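Predicted model, so just to flag it, every value in this text is computed and none were measured. Per chain, numbering begins at 1; letters A, B, ... match sequence-line order.
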Amino acid sequence: MDRSFYTRDPAAVARDLLGKVIVRRLEGESLSGRIVETEAYFGGLDPASRAFRGRKNYNSVMFEQPGRIFVYMVHGWWLLNIVAHLQDEVGAVLIRALEPLEGVEHMERRREKRDVRELASGPGKLSQAFAVTKALNGLDVTQGDSELTVVAGEGEPCTISTSRRIGVTKDLPRDLRFYLGDSEFTSR
DNA sequence: AGGAAGATCTACT
DNA sequence: GTAGATCTTCCTA
């Protein structure tokens with residue numbers, strides 16, 4: 001995925017990321033997972049967005065170049081986002097769930113769980129399985145040799161469902177969560 | 001100093 | 001399935 005893929009409306013990017021594969025290079029190993037659930041967040045007009053109250057140190061990546069990793073913490077969990085927005089706008093896509101592909105044993109160890117469906121079926125779980133922390137904030141995912149990249153999947157046909165965003169207290173009147181309805185690996 | 005936050009786990013019915 | 005405890009930052013007072 002090159003930078004132009006991320007330089008679009010966050011909702012379009014969130015939808016099109018479904019089925020793509022995240023590859024994490026860690027300790028000489030490759031962990032990977034297919035994206036099965038995402039949510040789109042905007043800038044100052046979105047009360048659920050980290051960028052709602054303007055640019056701060058911790059959210060500055062959202063205001064910068066699309067295609068970079070944006071990580072922040074909620075309730076003690078790091079959540080993985082990819083910056084996505086039109087030129088001069090603000091936004092990001094939260095990666096909410098993955099279907100584990102390569103490196104399942106490594107993920108089981110990090111998660112201390114055996115059930116494959118418990119490895120990455122939620123934004124906090126996925127970060128634990130893939131070793132996502134603040135250290136990755138700002139990293140460019142469009143670089144092929146990066147510690148974390150996104151590549152096109154097999155291109156299988158899949159049915160895309162939508163809903164309101166999960167857990168947000170002040171949502172927009174619009175479906176901004178996208179997920180593969182057939183997948184067993186979504187967060188619910 | 002105190003509280004909220006895009007979640008998860010555990011221990012119950 | 002639901003309730004309550006807990007996790008770690010950053011924001012606001």
Practice prompt. For A:S187 and A:R96, test the side chains for any donor-to-acceptor distance below 3.5 angstrom and give the result as yes or no.
Written response: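 Yes, because at least one side-chain N or O of A:S187 sits under 3.5 Å from a partner of the opposite role on A:R96.
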Worksheet item: Judged by modelled atom types alone, do A:D2 and A:T142 share a side-chain donor-acceptor pair under 3.5 Å?
Response: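 No pair is found: no donor N or O on one side chain lies under 3.5 Å from an acceptor on the other.
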[X] side chain, from C-beta outward: closest of [options]:
| X | options | value |
| --- | --- | --- |
| A:Y58 | B:dA7, B:dC9, C:dC10 | C:dC10 |
| A:K113 | C:dC7, B:dC9, C:dT8 | B:dC9 |
| A:W77 | B:dA7, C:dT8, B:dA5 | B:dA7 |
| A:M73 | B:dA7, C:dT8, C:dC10 | C:dT8 |

Fill in: Ion pair A:E99/A:R34, N-O distance below 4.0 Å
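Yes.
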Item to complete: May I ask you to say whether A:R177 pairs ionically with A:E37, meaning some side-chain N is under 4.0 Å from a carboxylate O?
Response: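 So A:R177 pairs with A:E37 through a salt bridge.
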Discussion item. Please compare A:N81 and A:E118 by the position of their nearest nucleotide in DNA chain B and report the one closer to 5'.
Written reply: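 Its nearest nucleotide lies further toward 5', so the answer is A:N81.
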In whole angstrom, give the distance that lies between atom [atom1] of [X] and atom [atom2] of [N].
| X | N | atom1 | atom2 | value |
| --- | --- | --- | --- | --- |
| A:Q128 | C:dT8 | CD | P | 12 Å |
| A:N59 | C:dC10 | CG | C1' | 10 Å |
| A:L79 | C:dC7 | CG | P | 17 Å |
| A:N137 | C:dT9 | CG | C1' | 13 Å |
| A:F70 | C:dT9 | CZ | C1' | 12 Å |
| A:F52 | C:dT12 | CZ | C1' | 16 Å |
| A:R50 | C:dT8 | CZ | C1' | 12 Å |

Worksheet item: Side-chain N or O of A:K125 less than 4.0 angstrom from OP1 or OP2 on C:dC7?
Response: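 It does not, given that no N or O in the side chain of A:K125 lies less than 4.0 Å from OP1 or OP2 of C:dC7.
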Fill in: Distance below 4.0 Å between A:R53 side-chain N/O and B:dA4 OP1 or OP2
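No, no such contact exists.
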Practice prompt. Check for a donor-acceptor pair, side chain of A:S146 on one end and backbone N or O of A:D140 on the other, with a separation under 3.5 Å.
Written response: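 Between the backbone of A:D140 and the side chain of A:S146 there is a qualifying donor-acceptor contact (under 3.5 Å).
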Fill in: Donor-acceptor pair, side chain of A:H85 and main chain of A:E64, under 3.5 angstrom
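Confirmed, A:H85 side chain pairs with A:E64 backbone.
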At 4.0 Å (heavy atoms only), tell me whether [X] reaches a base, stays on the sugar-phosphate, or touches nothing.
| X | value |
| --- | --- |
| A:R188 | nothing |
| A:R96 | sugar-phosphate |
| A:I166 | sugar-phosphate |

Worksheet item: Given that both pair distances must be under 3.5 Å and the pair must be Watson-Crick or G-U, what runs of three or more consecutive pairs involve DNA chain C?
Response: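 Counting only runs of 3 or more consecutive pairs, the stems involving DNA chain C are B:1-5 with C:8-12, B:7-12 with C:1-6.
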Worksheet item: A:Q128 pairs by side-chain hydrogen bond (donor to acceptor under 3.5 Å, both in side chains) with which of A:E112, A:R111, A:K113?
Response: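 Only one of A:E112, A:R111, A:K113 forms a side-chain hydrogen bond (donor to acceptor under 3.5 Å, both in side chains) with A:Q128, namely A:R111.
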Discussion item. Closest-nucleotide mapping onto DNA chain C: is A:H75 or A:K134 further toward the 5' terminus? I mean the 5' end.
Written reply: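 Nearer the 5' end of the strand: A:H75.
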Discussion item. Using a 6.0 Å distance limit plus a 45 degree cone around the ring axis, check whether A:R165 lies over the aromatic ring of A:Y41.
Written reply: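 Yes, A:R165 and A:Y41 form such a contact.
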